[in-house]
Amino acid sequence: MEEINKKALFNTKIVADMKYNGEIVTIIDFTKGKDIYCDRYSVKFSDGTIKDNIMSCELDFNFKQKNKERSR
């Protein structure tokens, strides 16, 4: 699958997962549904937590990463 090991911005309205909102996640698995709304992803958060059954509407693959600038 071409989705594996891609990065995405996570944003959800599910209360149990809101602590991860705004985090860049790694896609570790992808299950194709009957249409884009039924596609499901497994993601890995920066703390090592893995969540399954993440809907495509919770992920933004076209996010812009902030430039890491050195503070002086």
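Residues I54 and V25 are not in side-chain contact: their nearest non-hydrogen atoms beyond the backbone lie 4.5 Å or more apart. Within the 4.5 Å cutoff, side-chain heavy atoms of I14 are placed close to those of E58.
Listed by chain and residue number, M55 satisfy the side chain to side chain contact (heavy atoms under 4.5 Å, CB included) test with C57 (two or more places apart in sequence, or in another chain). Checked against side chain to side chain contact (heavy atoms under 4.5 Å, CB included), N21 has the following partners two or more places apart in sequence or in another chain: F10, N11, T12, M18. Residues forming a side chain to side chain contact (heavy atoms under 4.5 Å, CB included) with N53 (at least two apart in sequence, or on another chain): R40. Taking the side chain to side chain donor-acceptor pair (under 3.5 Å) definition, one finds that D39 meets it with nothing, sequence neighbours left out. In this view, T26 and K7 satisfy the side chain to side chain donor-acceptor pair (under 3.5 Å) rule, not counting sequence neighbours. Judged as a side chain to side chain contact (heavy atoms under 4.5 Å, CB included), and not counting sequence neighbours, the contacts of D47 are Y20, F45, T49. Residues satisfying the side chain to side chain donor-acceptor pair (under 3.5 Å) test with D52, not counting sequence neighbours, are S42.
Between F63 and I24, the closest heavy-atom pair is CE1-CD1, 3.4 Å.
As a member of the Ile/Leu/Val/Met/Phe/Trp/Tyr network built from side-chain separations under 4.5 Å, Y37 groups with I36.
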